[in-house]
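Only a predicted model underlies this, so the values are computations on that prediction, with no experimental measurement involved. The figures that follow rest on heavy atoms only: side chains count, while hydrogens, waters and symmetry mates do not. Just so we're on the same page: letters track the sequence lines, and every chain starts at 1.
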Protein chains: 4
Amino acid sequence: MTDPLKVGVLGYRFMGKAHSNALARLPMFFPEAPEVERSVIVGRDEEALADAADRFGFESTATDWRDVVDDVDVFYNLGPNHLHAEPSIAALEAGAHVFCEKPLAPTLEEAEEMRDAARDADGVAGCAFNYRFVPAIQYAKGLIEDGELGEIHHVRGRYLQDWLVDPEAPWAWRMDKDLAGSGALGDLGAHTVDLARFLVGNVAGDIERVSGHLQTFVEERPVPDTDEYKPVTVDDAYTAQAEFENGAVGSFEASRFANGHKNDHTIEIHGSEGSLTFSLERLNELEVKTGDSRGYETVLVTDETDPYVDHWWPPGHVIGWEHTFVHENYEFLTAAAEDGEFHPSFEDAYEVQQVLDAIERSGETGEWVSLE
Amino acid sequence: MTDPLKVGVLGYRFMGKAHSNALARLPMFFPEAPEVERSVIVGRDEEALADAADRFGFESTATDWRDVVDDVDVFYNLGPNHLHAEPSIAALEAGAHVFCEKPLAPTLEEAEEMRDAARDADGVAGCAFNYRFVPAIQYAKGLIEDGELGEIHHVRGRYLQDWLVDPEAPWAWRMDKDLAGSGALGDLGAHTVDLARFLVGNVAGDIERVSGHLQTFVEERPVPDTDEYKPVTVDDAYTAQAEFENGAVGSFEASRFANGHKNDHTIEIHGSEGSLTFSLERLNELEVKTGDSRGYETVLVTDETDPYVDHWWPPGHVIGWEHTFVHENYEFLTAAAEDGEFHPSFEDAYEVQQVLDAIERSGETGEWVSLE
Amino acid sequence: MTDPLKVGVLGYRFMGKAHSNALARLPMFFPEAPEVERSVIVGRDEEALADAADRFGFESTATDWRDVVDDVDVFYNLGPNHLHAEPSIAALEAGAHVFCEKPLAPTLEEAEEMRDAARDADGVAGCAFNYRFVPAIQYAKGLIEDGELGEIHHVRGRYLQDWLVDPEAPWAWRMDKDLAGSGALGDLGAHTVDLARFLVGNVAGDIERVSGHLQTFVEERPVPDTDEYKPVTVDDAYTAQAEFENGAVGSFEASRFANGHKNDHTIEIHGSEGSLTFSLERLNELEVKTGDSRGYETVLVTDETDPYVDHWWPPGHVIGWEHTFVHENYEFLTAAAEDGEFHPSFEDAYEVQQVLDAIERSGETGEWVSLE
Amino acid sequence: MTDPLKVGVLGYRFMGKAHSNALARLPMFFPEAPEVERSVIVGRDEEALADAADRFGFESTATDWRDVVDDVDVFYNLGPNHLHAEPSIAALEAGAHVFCEKPLAPTLEEAEEMRDAARDADGVAGCAFNYRFVPAIQYAKGLIEDGELGEIHHVRGRYLQDWLVDPEAPWAWRMDKDLAGSGALGDLGAHTVDLARFLVGNVAGDIERVSGHLQTFVEERPVPDTDEYKPVTVDDAYTAQAEFENGAVGSFEASRFANGHKNDHTIEIHGSEGSLTFSLERLNELEVKTGDSRGYETVLVTDETDPYVDHWWPPGHVIGWEHTFVHENYEFLTAAAEDGEFHPSFEDAYEVQQVLDAIERSGETGEWVSLE
């Protein structure tokens with residue numbers, strides 16, 4: 001019997017809660033997962049941090065990640081984007097396994113440094129693109145790789161939210177280029193590009209070139225609790241066209257201004273033999289057209305033979321968004337404990353970042369950008 | 001600071017897992033919930049029980065509920081229906097709070113005894129109709145009670161599953177009248193009748209009379225690991241018509257033979273000012289038509305102002321079936337700790353049982369049955 | 001080359017328009033249909049009638065059907081229900097083919113007389129249950145009769161409208177028992193019962209017994225252009241339970257108070273091998289689950305191999321409600337010209353009426369009623 | 001009382017049937033429409049033409065449009081794209097009103113000549129973008145222009161078909177650049193661009209610049225009844241990004257390879273105050289989110305107050321694809337009879353063509369193209 005993995009987590013808000021919950025649920029639902037010690041949680045606001053440690057079940061707190069990275073087996077980097085590179089690289093160099101939130105970094109340069117650090121490190125370096133771990137998505141990938149869709153012709157992805165549609169919605173770090181890197185593109189588009197690559201990469205090949213367009217609809221926003229307005233220096237929305245290695249056509253889009261859409265990440269794929277559609281707000285379902293079907297079949301992906309489902313509840317008893325974190329934590333921690341492989345790796349996330357960077361550059365130059 | 005509530009649980013399979021998970025999640029998501037000690041879990045198969053205790057986080061096990069009821073603050077009765085009455089009554093008499101799975105009992109007589117025991121007891125006696133605790137259902141109830149639907153004319157409920165459509169699907173206790181009381185009626189119809197009463201009871205009044213029809217499509221089924229067939233002595237499906245106090249028309253149905261439906265509990269209500277539809281397989285959504293709307297609006301009930309949602313995730317990050325257990329455990333334990341009220345109580349569940357019993361009797365006599 | 005069929009039509013409002021349009025469209029889309037002469041249109045209001053004759057392309061008008069029935073090859077009875085029996089019987093006796101709107105008659109007695117007259121007559125006697133002629137319905141019937149659904153377990157039908165939900169909606173003949181026979185039951189339920197019999201009759205057998213409930217929510221309504229209120233002497237809504245010969249369970253319902261539903265006729269059928277759902281407001285679609293499908297497939301029934309579709313437009317170019325009249329007129333007139341058979345016949349319509357009558361009697365007595 | 005408009009029609013296949021049907025139906029449903037004489041139908045295959053004239057109700061036939069244009073009041077040009085310019089211009093010069101199928105021309109140059117001819121002519125020159133005449137689309141335009149969606153941020157349009165997904169699907173003129181101009185772009189994208197301009201043009205302004213991508217998945221196809229293969233010289237699919245005058249972001253796409261989609265033209269618009277979605281395969285419906293709604297409302301656009309609906313059937317009695325032709329013919333002929341204005345005019349259609357041409361050029365150069 002091995003010692004539990006000692007986990008340190010940077011970040012205690014939204015993502016901190018989501019991963020802490022995942023760690024807490026593994027023993028009951030994935031008893032074969034490696035044992036974990038929620039050791040230390042890192043943040044700046046000591047009071048909020050103490051409260052989070054208490055609720056999330058951490059043994060201790062720290063206000064400087066430098067004090068933590070040498071001391072843990074696994075380092076979770078759930079901080080804002082501009083804090084992804086330095087702590088993650090330090091943790092890798094200290095020999096820890098590192099699990100970093102997406103997008104990997106605000107710039108391609110930093111993403112490259114992180115990828116290089118991961119290449120040189122012994123630990124497992126994973127990026128938390130959690131939507132890969134939706135059962136319906138894994139089921140979809142299986143269909144595609146089994147040839148049920150045939151040759152891929154179209155990949156369409158959009159991620160629609162509306163939390164900025166009010167021009168007086170408050171300023172936040174996600175609207176600042178230095179802190180976030182980009183806006184809808186990096187926050188939402190990163191998920192779409194990762195899913196597109198995950199789903200069709202082995203069949204349609206890589207994304208070879210892209211054309212992009214970034215748009216900011218509201219140029220400045222009020223800073224909470226002040227009279228001040230700060231500029232929005234990232235995109236509120238992006239669109240992109242893409243061409244895959246096999247000639248498949250990609251069409252991507254995201255927005256924070258899509259009135260009426262809260263968290264609508266939709267992926268549609270058409271191939272010579274079939275098609276499928278997935279939508280995050282109905283994440284237990286997959287629309288599938290294959291074989292002799294005349295139309296799309298609504299598959300409720302909750303059978304015990306479906307990916308991960310046997311760990312949960314009987315058919316028809318739906319799971320939620322948070323379950324994707326349990327699945328990805330299970331996979332990541334298993335890889336960490338067994339010195340195995342985990343995907344999406346930093347390498348995968350770097351390749352996503354290349355696409356995002358190409359979209360952004362294309363938006364600036366007005367020309368298609370090739371991905372070497 | 002008070003002592004934690006000491007909880008004993010009878011049953012360690014499906015419902016045992018669902019409630020144990022709920023108990024385990026309360027501290028992180030409902031920190032204001034009373035503290036709980038998962039003290040003892042009760043079952044007959046010692047090995048399976050030890051394993052369950054370990055996974056579900058219980059301190060000890062017991063093979064006889066009689067050894068437990070005196071010793072706990074709260075007794076969860078998650079056993080099969082024929083084990084609902086005796087242990088629940090004993091626990092109430094011993095002064096414990098009791099939370100019993102639905103339907104309250106296999107027969108109206110036993111349900112009456114349980115209700116009477118609850119009346120005489122000091123503890124809180126709750127029945128675990130978990131679908132009351134879906135945020136969309138509570139939101140719907142609010143709309144109805146605020147008059148958004150006006151006078152209620154129609155209440156339609158159906159609960160469709162298909163796990164028995166294969167005539168060779170194995171026999172189980174749920175197909176035996178002595179052990180289960182009834183089939184689709186008690187297992188599924190109980191939920192529908194409870195939700196109907198919960199949603200419109202304060203506006204349309206009680207169900208005054210019913211006409212029912214029970215049907216068994218397959219008369220005997222193979223007993224697993226034997227060459228034997230056992231008779232199916234309960235209904236595979238039921239239908240019912242109902243009349244509410246205010247003249248509203250009810251139409252209820254459930255089946256275990258509804259090919260293609262895994263867990264499809266759908267409620268539709270039409271009133272003079274509006275209508276709504278809820279479906280369990282899309283439990284984060286409510287279809288609502290009110291005011292000047294021309295059609296149904298698809299409301300994603302995941303805003304922070306929606307019932308319970310502020311405890312979980314941001315808008316659009318959907319929850320699952322299991323979350324209803326967290327909500328109901330939160331409410332039940334809070335009532336237990338504060339000697340408050342909890343609904344659905346044994347009284348509520350007894351009234352549901354009266355309706356089920358009337359449907360069954362109507363099915364036998366071919367005549368409408370009035371509920372006094 | 002034969003002479004054109006000389007057609008006389010009683011009724012020039014809604015149904016008059018629907019059938020006149022059908023007759024006018026046959027030559028372009030069904031060139032193999034018998035040639036028709038729109039000879040005479042019958043009504044009481046001479047001015048409105050003249051206008052209708054002009055718009056609908058009739059050569060002449062008459063104010064008394066007695067002047068017409070001897071003189072035409074085909075008599076269309078599109079009048080209110082209480083005018084169905086006498087003119088239809090007279091026309092049959094005069095040797096004409098008769099096409100009568102549904103329900104066949106306001107009472108079972110009159111329906112029986114009409115059926116008997118049809119038995120004795122040489123002409124073809126058809127009842128205009130137009131929904132049999134929706135391509136998706138005929139496609140569904142084909143699937144069922146090919147065994148794609150296996151043994152039938154459930155037949156669910158509901159027809160929801162909301163035009164009476166306003167208590168001040170004006171009185172009309174459809175609310176009077178003497179003129180209409182019944183309300184939602186005869187007007188809407190007749191369609192449901194006919195479709196249920198049409199779709200599963202050859203597989204599940206006849207409806208053997210029913211239990212019904214009729215409800216009137218608003219007891220009197222204002223007479224237009226007066227200060228007067230007249231009583232509503234028919235049902236605003238009905239529900240029914242049914243048992244088919246093979247043990248299948250039926251569940252039927254209609255309402256004129258279903259807020260938000262304009263013309264929502266939905267049929268759902270579950271069998272041992274599959275299921276299907278049809279909804280009139282999306283009449284080009286059929287939801288089908290058969291074979292190894294995991295869920296319902298949305299079939300757009302607009303392929304050229306689908307029933308009647310090759311007469312219209314390419315795949316995906318949807319048709320409307322009125323096209324069902326073109327199809328039924330084509331079939332009826334072809335039968336008339338060739339002395340062939342047409343279904344739904346008066347015999348079929350009489351059997352529907354028996355079911356409606358049994359539902360109504362069950363509603364009065366509170367007991368199930370058997371259909372001999 | 002004026003003389004009927006004498007109509008000559010070039011083309012007797014799919015579009016010939018659709019417009020002939022529209023002409024035939026006007027008197028019954030739009031009695032206020034100008035009277036029309038279906039005078040002459042033009043085509044090359046005399047036998048097929050005679051048959052068409054008979055079925056479609058035309059008095060005579062002609063094999064050369066030159067013999068017709070001088071002789072009619074209204075000339076319908078329903079021929080293949082490469083036959084749009086010359087006959088239309090000749091007819092305009094001869095003083096006829098001209099109604100031409102879309103896209104206006106295979107090249108921008110020809111479109112420009114047609115527009116110029118229309119400017120110089122006395123007759124009305126209309127382009128038959130029929131989807132403007134869907135009631136739901138006109139209702140949508142009303143909402144947008146009433147400000148119900150606020151400032152427009154996103155316009156998304158896609159038109160998906162799958163009739164070429166089989167690589168052995170036969171060659172046809174629509175796959176030849178000389179005859180058709182372009183493929184999915186001109187055939188399907190023209191509709192999308194026209195609808196986008198129609199719906200938001202008065203609010204978001206013109207499309208100012210575009211970036212496009214055209215793709216051909218199958219390079220050659222078998223010629224029917226031969227052993228030969230001919231090259232496909234047009235696009236099987238296109239994608240485009242667009243920017244509107246007000247900064248709104250456009251995202252357009254069409255394909256003939258979208259497996260499972262027959263005629264799926266979907267438009268989605270998001271504004272600061274609301275959103276809407278329309279889909280052609282459910283053309284009686286509009287998804288609308290406005291005001292305080294929390295989600296999209298499914299509006300069945302069949303009320304008598306909805307555009308054109310009072311001419312047809314009661315609420316809930318859905319219309320089909322062909323009805324759009326009746327509406328556009330009504331509007332066009334009314335304009336012709338009254339020397340009024342008709343939109344979409346040749347001017348409108350030219351502007352659509354400018355966008356298509358810019359998308360195509362962008363696809364060639366890999367750069368955004370501005371529309372002056």
With a 4.5 Å cut-off on heavy-atom pairs, point out which of D/Lys262, D/Arg25, D/Glu285 contacts chain C the most. D/Arg25
Result of checking C/Asp264, C/Asp187, C/Asp236 against C/Arg256 for salt bridge (Lys or Arg N to Asp or Glu O under 4.0 Å): C/Asp187
Taking the six-membered ring for Trp, are C/Phe325 and C/His19 ring centroids under 6.0 Å apart? yes
Go through the atoms of C/Trp312 and report whether side chain, backbone, both or neither lie under 4.5 Å from a heavy atom of chain D. both
Which class fits the ring pair C/Tyr131 and C/His191: parallel under 30°, tilted 30 to 60°, perpendicular over 60°? tilted
Which atoms of C/His323 are under 4.5 Å from chain D, going by heavy atoms: the side chain, the backbone, both sets, or neither? side chain
Do D/Arg282 and C/Asn284 have side-chain atoms, one donor and one acceptor, less than 3.5 Å apart? no
Between CG on residue D/Asp45 and CZ on residue D/Arg13, distance to nearest 0.5 Å: 6.5 Å
Select one option (side chain, backbone, both, neither) describing which atoms of D/Ile319 are under 4.5 Å from chain C's heavy atoms. backbone
Looking at chain D, which one of C/Phe14, C/Trp313, C/Phe56 has the largest number of heavy-atom pairs inside 4.5 Å, strictly under? C/Trp313
Checking heavy atoms, do the side chain of D/Ala52, its backbone, both or neither come under 4.5 Å from chain C? neither
For residues D/Ala190 and D/Pro103, report the shortest heavy-atom separation together with the two atoms involved. CB-CB, 4.1 Å
Choice from C/Gly57, C/Ala18, C/Pro27 maximising heavy atom contacts with chain D below 4.5 Å: C/Ala18
Which atoms of C/Pro31 come close to chain D, meaning under 4.5 Å heavy atom to heavy atom: side chain ones, backbone ones, both, or neither? side chain
Evaluation steps, side-chain hydrogen bond (donor to acceptor under 3.5 Å, both in side chains), between D/His265 and D/Thr192: CA-CA 8 Å; D/His265 192 195; D/Thr192 307; 2.9 Å; yes
Heavy-atom distance under 4.5 Å to chain D: side chain of C/Asn21, backbone, both or neither? both
